[in-house]
Amino acid sequence: NGSLISAPGGRAGTRRGIVLVDESGKVTPWTEEKRAFQGALAASPDGQTLAVTITNAESLDETYLTDRERRTLRRFMAIPGTDVDVPLFTPDGKSLVFARTARTEEDGIYLVPLDGSRAPVRLHKTAGAAGETFPLGWTPEGDLLLGDTSKTRLAVHRLVLRGRAEARIEPFTVGRGQIGIPAFSPDGRWVAYPSNESGQYEVYVAPYREGRVGEPAASVSRGQGYRPFWSRDGRALYFAGGDGKLHKARAGAVAGTFLE
């Protein structure tokens with residue numbers, strides 16, 4: 001008769017783990033704890049601390065920290081009735097940026113020092129009740145990149161924080177297609193980003209100078225590619241492929257060229 005019958009299956013993904021993977025593919029657990037980890041984790045600039053999102057029993061996201069020495073999880077930020085997620089360390093490693101979402105006037109992007117010396121400060125107020133706004137990363141100039149899903153698909157913006165009493169927001173434009181989360185090289189001279197300008201998402205690398213993305217942009221993935229991130233020395237670029245595997249592109253002899 002057209003009725004939909006659903007059988008509840010309980011909460012999914014409650015026993016996920018965190019692991020380290022080296023160049024040879026060896027997998028080592030970061031911690032033995034199994035929790036409801038959600039989304040991407042964030043690593044501090046020195047690589048000693050991770051910030052992760054865990055969904056609690058009330059289906060609300062909370063932010064936890066865990067460091068390399070102790071490997072235990074400790075709750076860092078939780079707000080009743082509110083999702084606190086998508087954590088991101090500041091470039092100096094002293095503070096954490098996070099998204100606060102509860103469909104209220106308090107929603108937005110906040111900054112809080114790791115030592116708890118002051119209360120969280122809102123950097124940007126979320127516009128509208130639809131979609132979400134969340135931090136993506138930092139530009140070489142110190143601007144905060146934000147993702148916005150209020151128009152159903154991801155839009156990337158730059159939140160300019162430098163030298164102003166009030167931050168301003170402007171679009172971050174790259175290439176001719178819809179882009180995903182960009183990643184800047186350690187020296188700030190290159191930006192990698194996924195784009196669907198070819199008809200499918202591929203990972204591209206383009207020069208970055210004086211706050212602008214230049215040309216030409218070169219595709220470094222053979223087929224689909226997502227979520228690029230750089231090695232610490234900038235000589236390699238990693239990304240997730242359409243085959244579900246982690247891929248590595250090595251820097252070529254000519255600047256800006258890569259070999260998968």
Side-chain angles (χ1 to χ4, degrees), residues 18-26 28 30 39-52 65-68 86-98 111 114 134-147 156-162 172-175 179-195 201-221 225-241 245-260:
I18 302 173
V19 298
L20 299 174
V21 182
D22 66 15
E23 283 284 325
S24 69
K26 179 182 177 182
T28 305
W30 174 277
L41 52 81
S44 61
D46 63 4
Q48 297 301 306
T49 305
L50 297 180
V52 299
L65 297 177
T66 173
D67 58 63
R68 188 179 290 272
V86 202
L88 176 70
F89 287 92
T90 53
D92 62 8
K94 295 180 179 180
S95 300
L96 201 67
V97 175
F98 63 89
L111 172 74
L114 292 175
F134 44 88
L136 298 177
W138 300 93
T139 70
E141 304 82 36
D143 299 333
L144 179 61
L145 291 182
L146 301 178
V156 180
H157 301 285
R158 181 201 305 263
L159 187 65
V160 182
L161 303 169
R162 298 159 288 127
F172 183 80
T173 305
V174 180
I179 70 167
I181 301 174
F184 293 92
S185 61
D187 64 6
R189 299 178 63 241
W190 305 94
V191 60
Y193 59 93
S195 172
Y201 275 96
E202 300 180 49
V203 174
Y204 295 82
V205 172
Y208 187 80
R209 303 289 187 277
E210 299 179 353
R212 295 183 179 274
V213 180
E215 295 285 349
S219 174
V220 300
S221 59
Y226 311 89
R227 293 303 297 262
F229 62 97
W230 297 83
S231 62
R232 284 185 175 273
D233 61 7
R235 298 293 299 170
L237 182 70
Y238 300 89
F239 58 90
K245 297 180 180 179
L246 182 65
H247 292 251
K248 175 185 177 181
R250 295 176 291 104
V254 178
T257 63
F258 287 82
L259 306 171
E260 189 180 357

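Taking every heavy atom of both residues into account, Pro182 and Leu145 meet most closely at CG-CD1, 3.6 Å. Pro194 and Ile181 get closest at one heavy-atom pair: CD-O, 3.3 Å. Nearest approach of Ser95 to Asp92, heavy atoms of both residues: N-OD1, 4.1 Å. The nearest pair of heavy atoms linking Gly47 to Arg68 is O-NH2, 3.1 Å. Of all heavy-atom pairs between Pro135 and Leu88, the closest is CB-CD2, 4.0 Å.
Taking CG of Leu136 as the start and CG of Leu144 as the end, the distance is 8.0 Å to the nearest 0.5 Å. The CG atom of Leu50 sits 9.5 Å away from atom CD of Gln48, with the distance rounded to the nearest 0.5 Å. Separation of atoms CG (Leu237) and OG (Ser231) is listed at 8.0 Å; rounding is to 0.5 Å. With rounding to the nearest 0.5 Å, the separation of OG1 in Thr90 from CH2 in Trp138 is 6.5 Å. Atom CZ of residue Arg235 and atom CH2 of residue Trp230 lie 10.5 Å apart, to the nearest 0.5 angstrom. Taking OH of Tyr226 as the reference point, atom CZ of Phe239 lies at 11.5 Å (rounded to 0.5 Å).
Of the possible donor and acceptor atoms, none in the side chain of Arg189 sits under 3.5 Å from a partner among the backbone N and O of Arg209. Without hydrogens or angle criteria, Arg158 side chain to Thr139 main chain gives no donor-acceptor distance under 3.5 Å.
For Thr49, the side chain to side chain donor-acceptor pair (under 3.5 Å) criterion is met by no residue, not counting sequence neighbours. The ring pair (Phe, Tyr, Trp, His ring centres under 6.0 Å) test applied to Phe184 returns Tyr208, not counting sequence neighbours. Residues that satisfy the side chain to side chain donor-acceptor pair (under 3.5 Å) test with Tyr201, not counting sequence neighbours, are absent from this structure.
Between Trp190 and Pro207 the shortest side-chain heavy-atom distance falls below 4.5 Å. Phe89 places a side-chain heavy atom less than 4.5 Å from the side chain of Leu96. In this structure, Phe172 and Val213 have side chains that are in contact, with non-hydrogen atoms separated by less than 4.5 Å.
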### Task
Check the pair Val174, Val156 against side-chain contact (heavy atoms from CB on, under 4.5 Å), reporting the backbone distance first and the verdict last.
CA-CA 9 Å; Val174 180; Val156 180; over 6 Å; no

